[in-house]
Enquirer: 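One structure, as structure tokens, below. Some questions next.
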Amino acid sequence: MRKLFALFCLIPYCFFACNSNEQKELVAPNKPVVTENTAIKGIWVTNVASDALDSRAKIEQTVQVCKQSGITDIYVVTWNRGRTLYPSKIMKDMLDLPIMERFEGRDPLQEMIEEGHKAGLKVHAWFEFGFSSSYGENGGAILAKHPQWKAIDNEGKLVSKNGFEWMNAMDPEVQNFVKSLVMEVVNNYDVDGIQGDDRLPAMPSLGGYDDYTVDLYKKEHNGNTPPQDYKDADWLTWRADKLSDFLGILYAEVKAAKPNMIVSMAPSIHPWAKEEYLQDWPTWLNKGFCDYVIPQVYRYNIENYTTTLNAQVSNLSQEQKSKFFAGVLLQVNGKNPSQGFLDSMIVANRKAGIDGEAFFFYEGLKQFPEYFTKEYTTK
């Protein structure tokens, strides 16, 4: 089992410590009906610091815990560390690695879909790593094979932030690669939704200094080169708009394939998400580029949580509130909120007019069995 760093470095704020194409689609008989804007009570299920995906029996157990805990939606990791957690023809052709080595001979995504639907839960394919190719591997196998896909910073170096190395999210080839993974799942699995997070669509604002992006910027700015200051406001917005455009294309393609497929995003909080990762999620909602968002409102006391939550809600129109759910941090590095703090966050969500939330991550559910099986189901 890998340690928590591979996943938890995605969290932009600390918690408790600091402020196959050939595969036929299988339809489970008890698949839940997908309706728009239904309140969610979600959970992220990952392969890091958890054995929840390690066998069919473990997946069945995971689903039962979720069901008993009042969970309605499971976001199961499908893409991280340059590997898929399903047998992928794309990755087989590209790197001769059709699935993450740990899950060879199985299909955890299909198993989760089948078990989740038996229990009446929605299952979403969570593309956790998005445009990040690796963690602590200097770009990993993907960038070793496609060095032209590297995101480049203003010093001419590979973009690396918090240990994650990045592909160039502005490059059409990179965009098509990531989109092809998403559409492989959409077209071959009876999944209820697909989800990006703080790495899809995203790129650290350090990036954008590769030849392709610079040339594109110059074409649109009378030959002028991008500012060396990667936090320049207009430069930030120009790049964020390009990623928003990508999401719009992805959304349209998903809906053309399966109109009832849910497209959700779990970005960081605004405006930090735009300033640091070029994620302008209020624009995504305004332009109809996703069905709902779950910003990661990760805080370690109720005062900061409530302040941050209210700041996020202030970006919403009244009708958009039904498309907004709060990301709540339930466990990280073996630490959990107190039950009182946990309940206070849920109460704060409801007071703010937010009808649901998603918890990071599954293992935390097991730390509060009484709360989730008795109290949370009534919230």
Enquirer: Salt-bridged, Glu114 to Arg56, with N to O below 4.0 Å?
Expert: yes
Enquirer: Does the Lys NZ or Arg CZ of Arg81 fall within the cation-pi geometry relative to Phe129 - under 6.0 Å from the ring centre and within 45° of the axis?
Expert: no
Enquirer: ring-ring contact (aromatic ring centres under 6.0 Å, His included): which pairs involve residues 240-260, sequence neighbours left out?
Expert: Phe131-Phe246
Enquirer: Tell me whether the count of non-hydrogen atoms from other residues, nucleotides or ligands lying under 6.0 Å of CG in Asn138 goes above 12.
Expert: no
Enquirer: Return all side-chain donor-acceptor pairs below 3.5 angstrom for residues 90-98, not counting sequence neighbours, or 'none' if the list is empty.
Expert:
| residue | atom | partner | partner atom | Å |
| --- | --- | --- | --- | --- |
| Lys92 | NZ | Asp96 | OD1 | 2.6 |
| Asp93 | OD2 | Lys89 | NZ | 2.8 |

Enquirer: Is it the case that Glu128 and Trp79 place a side-chain donor and acceptor less than 3.5 Å from each other?
Expert: no
Enquirer: Mind checking side chain to side chain contact (heavy atoms under 4.5 Å, CB included) for Thr225 and listing every partner two or more places apart, or none if nothing turns up?
Expert: Lys218
Enquirer: Does Asp355 pair with Lys321 as a salt bridge, N-O distance under 4.0 Å?
Expert: no
Enquirer: Classify the angle between the aromatic ring planes of Phe360 and Tyr298 as parallel (below 30°), tilted (30 to 60°) or perpendicular (above 60°).
Expert: tilted
Enquirer: Salt bridge or not for Glu60 and Lys118, using N-O below 4.0 Å?
Expert: no
Enquirer: Take the angle between the ring planes of Phe368 and Phe372 and call it parallel below 30°, perpendicular above 60°, tilted in between.
Expert: perpendicular
Enquirer: Regarding Glu165 and Lys150, does a basic nitrogen lie under 4.0 Å from an acidic carboxylate oxygen?
Expert: no
Enquirer: List the residues meeting side-chain hydrogen bond (donor to acceptor under 3.5 Å, both in side chains) with Arg350, not counting sequence neighbours, and say none if there are none.
Expert: Glu357
Enquirer: Looking at residues at least two apart in the chain, or sitting in another chain, which of them share a side chain to side chain contact (heavy atoms under 4.5 Å, CB included) with Ser314?
Expert: none
Enquirer: I'd like to check the side-chain hydrogen bond (donor to acceptor under 3.5 Å, both in side chains) partners of Ser244; sequence neighbours left out, ordered by chain and number.
Expert: Trp284
Enquirer: Heavy atoms only: give me the nearest Ala348-Leu309 pair and the separation to one decimal.
Expert: O-CD2, 3.7 Å
Enquirer: Whether Glu184 and Lys179 form a salt bridge (side-chain N of Lys/Arg under 4.0 Å from carboxylate O of Asp/Glu) is what I want to check.
Expert: no
Enquirer: Residues in ring pair (Phe, Tyr, Trp, His ring centres under 6.0 Å) with Phe127, at least two apart?
Expert: none
Enquirer: Suppose we screen for side-chain hydrogen bond (donor to acceptor under 3.5 Å, both in side chains). Which residues come up paired with Glu101, at least two apart in sequence or across chains?
Expert: Arg83
Enquirer: Restricting to ring pair (Phe, Tyr, Trp, His ring centres under 6.0 Å), what partner residues turn up for Tyr362, sequence neighbours left out?
Expert: none
Enquirer: If the threshold is 4.0 Å, N to carboxylate O, is there a salt bridge linking Lys231 and Glu275?
Expert: no
Enquirer: Provide the closest heavy-atom pair for Phe289 versus Leu247 in the form atom of the first, atom of the second, distance.
Expert: O-CG, 3.5 Å
Enquirer: Are Glu115 and Lys67 within salt-bridge range, i.e. N to O under 4.0 Å?
Expert: no
Enquirer: Mind checking side-chain hydrogen bond (donor to acceptor under 3.5 Å, both in side chains) for Asp229 and listing every partner two or more places apart, or none if nothing turns up?
Expert: none
Enquirer: What is the ring orientation for Trp281 with His270, classed by angle as parallel under 30°, tilted 30 to 60°, or perpendicular over 60°?
Expert: perpendicular
Enquirer: Over all heavy atoms of both residues, which pair between Gly116 and Val123 is shortest? Give the atoms and the distance, please.
Expert: CA-CG2, 4.0 Å
Enquirer: Just jot down the ring pair (Phe, Tyr, Trp, His ring centres under 6.0 Å) partners of Tyr209, sequence neighbours excluded, or say none.
Expert: Trp235
Enquirer: If you look at every heavy atom in Leu181 and Ser88, which pair is closest and at what distance?
Expert: CD2-OG, 4.0 Å
Enquirer: If the condition is ring pair (Phe, Tyr, Trp, His ring centres under 6.0 Å), which residues does Tyr75 pass it with, not counting sequence neighbours?
Expert: Trp44, His124
Enquirer: Just one of Tyr305, Phe324, Phe325 clears the side chain to side chain contact (heavy atoms under 4.5 Å, CB included) bar with Asn349, so which one?
Expert: Tyr305
